[in-house]
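First up is the structure itself, then whatever we jot down about it.
Counting starts at 1 for both ligands and their atoms, in listed order. Sequential numbering from 1 along the given sequence is applied to the chain's residues. Values in this document were obtained by computation on a predicted structure and should not be read as measured data. What you see below is based on every heavy atom in this structure, not just the backbone, and it leaves out hydrogens, waters and symmetry mates.
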Amino acid sequence: MKKVLSVLLILALVAGFGLVGCKKDVAETSGGREFVTIGTGGVTGVYYPTGGAISKMVNKKSDEYNLRVTVESTGGSVYNVNAIMSGDLEFGIVQSDRQFQAYNGTADWDGDPQKKLRAVFSIHPESVSLLASDDSGIMSLEDLKGKTVNIGNPGSGQRGNASDILTAAGINPDTDIKAEGLKAAEAAGMLQDGRIDAYFYTVGHPNGSFKEATSGTKKVHFVPIEGAAVEALVAEYPYYAKSVIPVASNYPGATNDGDVNTFGVKATLCTSADVSDDVVYAIVKEVFDNLDDFKALHPAYSVLTKENMLDGLSAPLHPGAKKYFKEVGLIQ
Ligand code: GLU
């Protein structure tokens, strides 16, 4: 009996390793069912629950579509674009500015346009948000000079936005501040511990990171990002627009008097030209046909309409998305 059990165990282990080793060929299509993964961001952001919301909508119909959507926490937009392009992820949530830069070969993809990147739809607005401790005395961008500031990990979207706005304000991110490259999920704790003075996060509101950072014992506030530097960025780049952080309603623990001006982008869902039309169609259809159910899953989606979910896309639409949008008359 013991022998039989150990033989069975060995067989099970071999089968298990087989699945891991040949993920693409075996696991992703086991029983004819396709498995796709959406890359998101840190667990205290809005991308992670957004991946969860999309997968929830689609997985209700798993049997009908023969499709199962899973979600992965990642380093953010830049990581997601690169993982989609290498085939490690089928989908990723990507800031609209990063989508534009990747497809056109600028910024992190300078001279290396990602021509297989495809747009699916856009989601919630994201604000370039700067949160500082009250004791740091940081009340404006100018006050960041000499301070320890988290501008974001290299795979994140916010790192580029922080660098853009600092540069536009005449602050050199390499020499005028002590720039940290922490992941967003670590930043709130580091601010509360006094190990950083402020952090940038390009993100929808409300989110877990700022809820955590504004409910600790250390007093903190959002720093307005406005004036000539923002005007210049909005005038120069098609993907930047002015925005407002609804502080009072979302973060009662912040010491701000009212809402705070800044600028921002949009979160978008991206994929690769190599992902099948059927899979992309199924995801778009489930989210758009049931948009009210989807919107109930996160307060950051309250402003979404079917029409504005086609704004902010700069890579070509994936044919699976195009097919759905044509069917329902959203595009010609
Ligand atoms: N916008 C951030 C990034 O691209 C992620 C925000 C979030 O996780 O909600 O890295």
For [atom], the protein heavy atom that lies nearest, with its residue and separation:
atom: atom 4 (O) of ligand 1; value: Ser77 OG, 2.5 Å
atom: atom 10 (O) of ligand 1; value: Gly157 N, 2.8 Å
atom: atom 9 (O) of ligand 1; value: Val46 N, 2.6 Å

So for atom [atom1], which belongs to [X], do other residues, nucleotides or ligands contribute more than 12 heavy atoms lying within a distance under 6.0 Å?
X: Lys219; atom1: NZ; value: no
X: Lys147; atom1: NZ; value: yes
X: Lys295; atom1: NZ; value: yes

Close approach of Tyr48 to ligand 1, heavy atoms, under 4.0 angstrom: no

Under 4.0 Å from any heavy atom of [X], which atoms of ligand 1 are there?
X: Glu126; answer: 1 (N), 6 (C)
X: Ser156; answer: 10 (O)
X: Gly45; answer: 7 (C), 8 (O), 9 (O)

Among Asn80, Thr202, Val94, the residue with a heavy atom nearest to atom 6 (C) of ligand 1 is Thr202

Could you verify whether a donor N or O on one side chain and an acceptor N or O on the other, from Tyr48 and Thr74, lie under 3.5 Å apart?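 Side-chain D/A pair, Tyr48 to Thr74: absent.
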
Can you confirm whether Ser272 sits close enough to Arg118 that some side-chain heavy atom of one is under 4.5 Å from a side-chain heavy atom of the other?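 Heavy-atom side-chain distance check fails, nothing below 4.5 Å.
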
Trp109 vs Asn82 side-chain heavy atoms within contact, under 4.5 Å: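 In short, these two side chains touch, coming nearer than 4.5 Å.
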
How does Arg98 reach ligand 1, by side chain, by backbone, by both or by neither, if only non-hydrogen atoms under 4.0 Å count?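 It is neither; nothing of Arg98 touches ligand 1.
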
Angle class for the Phe294/Tyr301 ring planes (parallel below 30°, perpendicular above 60°, tilted otherwise)? parallel

Regarding ligand 1, does [X] bring an N or O atom to under 3.5 Å of one of the ligand's N or O atoms?
X: Tyr47; value: yes
X: Gln95; value: yes
X: Gly204; value: no

Is the charged tip of Lys242 near the ring of Phe263: under 6.0 Å from the six-membered ring centre and within 45° of its axis?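 That pair does not qualify as a cation-pi contact.
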
